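What follows is a short report on a single structure.
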Amino acid sequence: MLDEGSAREFDFLHVARLSDAISRLQTTQVSCVLLDLTLPDADGLDAVVQVRKAAPDVPIVVLNAHEDGLAIEAMRAGAQDYLVQGRVDSDLINRSIRYAIERKRVAQYLRAQQAVTRVLAESGTLEFVLPDVLRALGEILGWEAGALWTVAPDSDTLQCDGGWHASSVTSSEFAVFKANRMSSGDVPTRAWGESEESWVEDMLAAGGAPTASQADTRDDEQLRVAIWFPVLSGKNALGVMEFYSRTTRPSEKELIETTVAIGRQIGQFIERTEAEQAAERLKDEFLALVSHDLRTPLTSIKGFLEILLEGHAGDFSPDAHHFLEMIAAGTARLERLVGDLLFVAEVEAGRFSLDIGEVDLGELLEACVGAVRHRAKNKKIALTLDCGQSFKLAGDQDRLAQLFDNLLSNAIKYTPQGGSIELRASSEESVAVIELQDSGMGISPADQEHLFERFFRTSRAIDGTIPGVGVGLTVVKAIAEGHHGGISVDSKEDAGTTFRVELPFRGPQEAEVATTTVDTREAA
Amino acid sequence: LTTPERTTLLIAEDDAGILELITFRLGLAEYEILKATNGAEALRLATEHVPDLAVLDIMMPELDGLEVTRRIRANEITSRMPVILLTANVQEEDVSRGFDAGADDYMKKPFSPQELLSRVQAILGRR
């Protein structure tokens with residue numbers, strides 16, 4: 001029946017067993033599989049599953065001997081249509097095959113678009129996602145090789161950002177091909193210049209004369225079909241994406257539309273990531289610049305204050321001396337803030353280094369508590385330190401001091417007059433545990449989630465107009481994690497907050513820190 | 001010209017406030033002070049007067065403190081002169097670049113003038 005009819009629309013290949021069909025599918029490209037479920041070695045719907053596995057992109061039309069109610073299940077197993085013998089003629093079969101091919105093709109376009117959307121949704125740079133994008137598009141849409149060309153910085157020429165090729169194309173073959181594309185120049189450049197997509201059914205016929213290196217390759221072995229489309233952001237063409245194939249392939253309107261849409265998607269991704277990176281760089285540069293420019297005047301202020309307070313420039317009245325001390329306290333606060341800002345910029349840039357040595361934790365905590373004692377006293381806060389034994393650990397003395405100084409300063413800031421703050425240190429197996437408990441205003445569960453993020457400030461801190469910029473805890477967390485430790489918080493509103501810092505005794509080793517930088521971006 | 005028995009220090013710093021601060025504090029300790037406000041001037045004073053120690057700001061116009069240090073080390077007359085660098089950058093790589101250039105010590109801004117004096121005395125005492 002299949003061979004009937006005056007105008008045979010398709011060529012048919014007959015096989016009588018499922019196993020033959022499977023092996024044939026490995027070697028021969030077919031447009032559609034017409035599958036009889038009663039083949040001697042087939043087991044009902046399993047035949048559909050097996051064919052689908054052997055040829056994921058080939059449409060399947062099931063042709064069953066009798067109506068057995070399996071139609072829906074067959075479709076779910078991957079068939080595009082389901083016909084019952086005896087109720088069909090050749091016209092119906094031809095139409096079904098046509099529709100199956102069409103449906104499968106549209107589904108493929110959708111799949112390609114979804115794959116690209118998925119890859120682009122993962123965070124990362126173009127460099128990072130491009131191989132996955134090219135492979136997804138190439139494999140799903142049936143190309144053998146592909147490449148992305150974008151405008152080189154500070155020039156108006158295209159450069160190749162990356163390529164992909166299927167196993168049917170060798171790496172050296174693709175390298176030669178790409179180099180020729182680059183030197184011939186006109187083709188990707190034209191698509192870019194005109195911001196228009198194009199499908200060339202045969203590049204050789206279209207005038208892309210084979211170059212010397214291609215001349216000894218037979219024509220039918222060359223990559224000759226191509227589609228290229230601009231990578232657009234708005235009306236601005238950022239580059240051109242191309243895909244090639246050896247087998248001739250007539251132009252498909254839907255495929256062109258799909259790839260144009262994908263080109264826009266990639267263009268938006270490129271623009272978005274570039275803008276994000278530029279903003280990040282600007283922020284880092286700004287922070288570093290501000291910190292540097294604040295340090296110079298701070299040096300004068302702090303230095304002359306010290307000279308005045310040491311009496312090198314004469315005596316002061318008790319009032320004047322007190323005022324100088326107030327200025328010195330403010331200056332110290334400013335200095336800490338500048339230090340924190342620069343440190344956060346370094347952490348955000350993914351690099352800060354630790355100067356590892358032996359740290360006596362007891363001594364360190366005592367010094368940190370001593371430095372804030374007068375501030376606690378001014379607010380009538382009871383400040384106690386409970387450090388039963390002496391702990392020695394591997395760490396950066398200055399950074400750990402900065403960590404506890406930030407925690408203590410926060411505790412004093414957020415604890416009302418007459419409250420209490422307790423700092424406790426103990427050991428648990430291989431880690432030192434330092435807990436700081438205050439009777440302060442507490443932190444709401446919603447705020448706790450963002451507490452360690454840069455520039456985050458709790459709603460109560462803002463409502464209560466408590467000064468700060470929201471970098472203190474970001475610094476604390478980065479330092480703790482830089483020491484292979486961590487920090488957690490336990491808090492109830494109006495009942496106080498406890499921060500728990502864990503620091504491993506061994507900590508990072510000196511050699512390790514000297515050769516690697518601590519990357520804490522994930523943690524931020 | 002410098003009197004032979006007094007220890008001479010070269011201070012190079014382009015910020016007038018900080019230059020005065022250091023000059024005043026180290027001057028209290030009876031040192032003779034040579035002042036420079038840029039790297040080229042610092043290098044000229046270093047080779048002409050051969051002071052006992054140089055305090056150099058890293059970020060200076062004309063020649064930066066690192067380059068001045070390198071040239072002091074490269075010149076036979078000044079190669080043994082102790083150098084303390086002042087840096088407003090706190091990244092460890094700046095510190096190691098300073099030592100690579102041949103500095104003996106460094107201080108991060110903002111520093112305590114008393115602390116700077118202690119470091120100067122420590123280095124000179126060692127010699």
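What you see is a predicted model, and the numbers here were worked out from it, not measured in a lab. FYI, side chains are in, hydrogens and waters are out, and symmetry mates aren't considered; it's all heavy atoms of this structure. In the text below, chain A, chain B and the rest are named by the order of the sequence lines, each starting its count at 1.
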Stepwise side chain to side chain contact (heavy atoms under 4.5 Å, CB included) test for I479(A) and Q402(A)
CA-CA 9 Å; I479(A) 294 173; Q402(A) 189 182 13; 3.6 Å; yes
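Of the atoms belonging to I307(A), it is side-chain heavy atoms, and not backbone ones, that fall under 4.5 Å from chain B. Residue I18(B) touches chain A through both its backbone and its side chain, counting heavy-atom pairs closer than 4.5 Å.
With a 6.0 Å radius and a threshold of 12 heavy atoms from other residues, nucleotides or ligands, E127(A) has its CD atom at or below the threshold.
No donor-acceptor pair closer than 3.5 Å links the side chain of T37(B) to the backbone N or O of D14(B). Using modelled atom types, one side-chain atom of H483(A) and one backbone atom of D396(A) make a donor-acceptor pair closer than 3.5 Å.
The residue among H312(A), E310(A), E335(A) with the most heavy atom pairs within less than 4.5 Å of chain B is H312(A).
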